[in-house]
Protein chains: 2
Amino acid sequence: MHVTIKDVAKLAGVSPSTVSRVIADNPKISDATKKNVYKAMDELNYHPNAIARSLANKSTKILGLILPSTEEDIFKNPFFIQVMTGVSHYAQKNGYYILYTYATSEDEELEHLKKLMFSRWVDGIILTTIRKDDKCIQYLKENQYPFVVVGKPESTDGILWVDNDNFHAMYTVVNQLIQKGHRKIGFIGGPHVLNVTMNRLDGYLRAIENSGIQVDEKLIMRKEFTEEGGYEAMKHILAYDHPSAIVTTDDLIAFGALKALREEEIDDISVIGFNNTPLAAYQHPTLSSVDINAEKLGSFAARLLIKHLEKKDDGINSYIIDTKLVERESSEKKK
Amino acid sequence: MHVTIKDVAKLAGVSPSTVSRVIADNPKISDATKKNVYKAMDELNYHPNAIARSLANKSTKILGLILPSTEEDIFKNPFFIQVMTGVSHYAQKNGYYILYTYATSEDEELEHLKKLMFSRWVDGIILTTIRKDDKCIQYLKENQYPFVVVGKPESTDGILWVDNDNFHAMYTVVNQLIQKGHRKIGFIGGPHVLNVTMNRLDGYLRAIENSGIQVDEKLIMRKEFTEEGGYEAMKHILAYDHPSAIVTTDDLIAFGALKALREEEIDDISVIGFNNTPLAAYQHPTLSSVDINAEKLGSFAARLLIKHLEKKDDGINSYIIDTKLVERESSEKKK
DNA sequence: GTGAAAGCGCTAACAG
DNA sequence: CTGTTAGCGCTTTCAC
């Protein structure tokens with residue numbers, strides 16, 4: 001019923017394999033027959049059947065994307081959307097499609113991952129989050145399935161990954177604050193099971209120590225990645241002391257901290273967020289935040305994976321994406 | 001190299017066709033052999049090859065999603081993300097994957113649409129936007145390809161679609177304002193080539209006329225769907241008169257209008273947005289806006305398409321999704 | 001109920 | 001350079 005390679009072959013007076021070669025742009029086909037075949041193709045309005053090609057080729061030119069999602073909101077977290085944007089651009093430009101699934105827990109994620117792998121729909125997989133002793137990574141590795149992960153895994157051997165230098169990013173931020181004269185700087189981070197939190201905390205500690213300031217454990221809080229977490233942590237710190245600046249590991253936390261400060265009518269404490277989410281510019285005061293370039297994380301992840309799939313590995317199996325502090329009102333010089 | 005249906009057949013001591021029937025859960029297979037085959041399957045850790053199935057079946061259980069995108073920002077417009085969320089949930093729950101492409105113009109969109117169609121990757125397509133004399137719709141129709149569109153097409157015969165009742169939504173909003181005592185109500189809409197704009201304008205006009213108020217053409221403006229557009233339109237209206245309320249057809253427009261009012265230090269004009277985007281709650285004053293339930297638009301679109309693909313059409317080929325005015329400060333009673 | 005065999009549309013040796 | 005042939009892994013008549 002549909003036009004196939006055979007119809008084209010017949011019309012062009014060649015064999016199906018020749019047509020196949022023309023499709024694959026095989027160099028050892030004479031220009032004359034190529035012309036011929038092309039003519040037949042669009043005379044018949046022929047379009048290769050990608051499914052059949054994939055079955056024969058064992059390659060679909062589709063990438064799988066696994067997104068974590070808290071309950072019903074897959075696309076609420078700006079970070080993942082940005083990563084997805086980067087991935088999509090790079091993939092589409094290079095002739096790949098994206099197939100995604102979302103999962104609400106590590107086990108579900110693994111479940112979907114397996115489905116995606118076994119179905120053969122995708123040539124490789126992009127993981128957008130990374131957990132301690134990540135089961136997905138382990139599984140993919142064991143099965144030698146091509147994948148790339150956004151976030152630096154504990155063990156990096158033979159793994160493709162992209163990440164920011166979280167240690168360095170936080171180190172720089174704290175250092176700048178110290179340069180500006182801040183001495184008492186608080187830290188509010190997310191749960192310490194996450195690598196990011198630990199790396200950022202290390203950066204904070206190093207900067208403090210390097211400048212000869214005494215680390216004050218009571219100015220260091222770790223809470224959930226939520227506005228409430230940030231709010232409570234801030235309150236807690238204020239009950240103990242009055243620092244001149246607070247660094248956080250996430251904008252959401254920073255939003256909560258700002259809220260606590262507003263309530264207490266305190267306006268001489270600088271606050272710095274992380275991830276530079278869209279709402280940062282809409283806080284009161286507008287929130288200074290570290291831009292982690294999530295879109296770039298995505299596009300470089302896609303790039304690594306695609307290069308690998310096409311056997312064009314250039315020896316590079318990871319990228320460190322630059323970060324940048326975006327200064328807004330919340331870190332302006334206080335009176 | 002990989003476990004196939006033949007290996008399973010051999011181990012279970014049956015023929016490949018029997019295994020195939022077990023996979024498809026064919027009712028005329030004895031329970032005994034079913035058990036047997038299942039056992040063999042997980043002894044070998046067998047997983048059906050979806051590509052091969054698709055080639056034989058002519059169905060992939062993948063849906064194509066076409067997203068419009070202004071330049072580099074596919075996922076910046078909250079509307080499309082919400083639609084995508086709804087689509088994804090419904091699809092994933094029903095065993096479908098989503099493959100998406102984005103395009104920056106109608107022609108590019110058509111281009112990608114064709115690729116998607118001819119490749120056979122997807123069983124059907126979801127269009128998330130609709131233009132006047134939409135080429136994509138026309139093409140899909142001509143080729144009898146299964147699709148659904150978010151937005152009501154000019155001609156609806158034989159087309160699956162979902163939309164809000166834009167006329168009614170705006171009618172209700174304006175009516176409520178009138179009930180509250182407003183008499184001079186301005187309208188700022190997007191370009192009138194778009195169906196939504198026209199429908200919402202009609203709702204506005206009807207409400208005004210029904211209440212016996214004289215329509216004042218000078219209070220009606222149509223601009224681009226941008227903050228600047230809203231800003232200029234508002235300034236323009238203010239130069240002419242001082243209405244007590246302004247309705248708009250998009251939050252972005254409303255943001256601009258609010259900005260103009262802030263500049264003029266006017267705080268006795270109610271403003272209503274449309275689409276209830278996340279930033280609405282972060283305006284000054286916070287913006288009242290009509291929630292159009294974009295996620296529901298998406299899930300019902302997926303639902304229509306999937307039912308159709310599975311030949312479970314229930315005679316329903318469109319859905320009208322409810323809207324709801326979310327009231328915030330910008331429409332509070334003014335002194 | 002189950003098996004044999006043909007075929008879905010394309011690719012890839014292997015010849016020539 | 002091009003044709004022949006045998007699959008890729010699964011489904012599906014058509015027999016038995």
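Below, chain A is the first sequence line, B the second, and so on; all start at residue 1. Side-chain atoms are counted along with the backbone in the values below, which use heavy atoms only and exclude waters and symmetry mates.
- Base engagement by B:Ser20 is indicated by at least one non-hydrogen atom pair under 4.0 Å involving a base atom.
- Defined by atom type and a distance below 3.5 Å, a donor-acceptor pair is present between the side-chain atoms of B:Tyr100 and A:Ser88.
- Between the CG atom of B:Leu55 and the P atom of C:dT11 there is a distance of 12 Å, rounded to whole Å.
- Within residues 22-51 of chain A, the residues approached by DNA chain C to less than 4.0 Å at the level of any non-hydrogen atom are A:Tyr46, A:Pro48, A:Asn49, in residue-number order.
- In plain terms, the two heavy atoms of B:Thr60 and A:Ile51 that are nearest each other are CG2-CD1, 3.4 Å.
- With hydrogens and angles ignored, the 3.5 Å screen pairs no side-chain donor or acceptor of A:Asp123 with any backbone N or O of A:Leu63.
- Protein atom CZ of B:Arg53 is 13 Å distant from nucleotide atom C1' of D:dT12, rounded to whole Å.
- For the residue pair A:Ile23 and A:Met41, the shortest heavy atom distance occurs at CG1-CE, 3.6 Å.
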Check: residues 296-312 of chain A side-chain donor-acceptor pairs under 3.5 Å, at least two apart:
{"residue": "A:Lys296", "atom": "NZ", "partner": "A:Asp322", "partner atom": "OD1", "Å": "2.8"}
{"residue": "A:Ser299", "atom": "OG", "partner": "A:Lys296", "partner atom": "O", "Å": "3.2"}
{"residue": "A:Arg303", "atom": "NE", "partner": "A:Tyr319", "partner atom": "OH", "Å": "3.2"}
{"residue": "A:His308", "atom": "ND1", "partner": "A:Asp313", "partner atom": "OD2", "Å": "2.8"}
{"residue": "A:Glu310", "atom": "OE1", "partner": "A:Lys312", "partner atom": "NZ", "Å": "3.1"}
{"residue": "A:Glu310", "atom": "OE2", "partner": "A:Tyr96", "partner atom": "OH", "Å": "2.9"}

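- Nucleotide C:dA4 holds its P atom 13 Å from the NZ atom of B:Lys10, rounded to whole Å.
- Protein atom CG of B:Asp7 is 9 Å distant from nucleotide atom P of D:dG9, rounded to whole Å.
- The side chain to side chain donor-acceptor pair (under 3.5 Å) analysis of residues 35-45 of chain A, with sequence neighbours excluded, yields the pairs A:Asn45-A:His47.
- B:Glu109 and B:Arg131 are joined by a salt bridge, as a carboxylate oxygen and a charged side-chain nitrogen come within less than 4.0 angstrom of each other.
- A:Val14 comes within 4.0 angstrom of the backbone, heavy atoms only, and of no base.
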Are B:His89 and A:Tyr102 close enough, and set up right, to give a side-chain hydrogen bond (donor to acceptor under 3.5 Å, both in side chains), and what steps lead you there?
CA-CA 9 Å; B:His89 279 305; A:Tyr102 57 90; 2.7 Å; yes
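- Distance, B:Asn57 CG to D:dT12 C1': 10 Å, rounded to whole Å.
- Rounding to whole angstrom units, NZ of residue B:Lys61 and C1' of D:dT11 are separated by 16 Å.
- Taking every side-chain heavy atom of B:Thr18 into account, C:dT2 is the closest of C:dC10, C:dT2, D:dT11.
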Protein-nucleotides 13-16 of chain D N/O pairs under 3.5 Å:
{"residue": "D:dT13", "atom": "O4", "partner": "B:Arg21", "partner atom": "NH2", "Å": "3.2"}

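- The backbone N or O of B:Ile130 sits nowhere less than 3.5 Å from a side-chain atom of B:Asp134 that would complete a donor-acceptor pair.
- Between D:dC10, C:dC10, D:dT4, one nucleotide has an atom nearer to the side chain of A:Ala56 than all others, and that is C:dC10.
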Could you list the donor-acceptor pairs under 3.5 angstrom formed between side-chain atoms of residues 140-151 of chain B and any protein atom two or more places apart in sequence or on another chain?
{"residue": "B:Glu142", "atom": "OE2", "partner": "B:Gln138", "partner atom": "NE2", "Å": "3.3"}
{"residue": "B:Asn143", "atom": "ND2", "partner": "B:Tyr139", "partner atom": "O", "Å": "2.8"}
{"residue": "B:Tyr145", "atom": "OH", "partner": "B:Val122", "partner atom": "O", "Å": "2.6"}

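- Counting only distance, with no hydrogens or angles, the side chain of A:Thr129 and the backbone of A:Pro68 share no donor-acceptor pair below 3.5 Å.
- For the pair A:Lys58 NZ and C:dC10 C1', the computed distance is 12 Å after rounding to whole Å.
- Distances shorter than 4.0 Å separate some side-chain N or O of B:Ser15 from OP1 or OP2 on C:dG3.
- A:Asn57 contributes a side-chain N or O that, together with a main-chain N or O of A:Arg53, makes up a donor-acceptor pair within less than 3.5 Å.
- Comparing the start and finish of the helix from C:dG1-D:dC16 to C:dG16-D:dC1, five pairs each, the helix axis swings through 30°, to the nearest 10 degrees.
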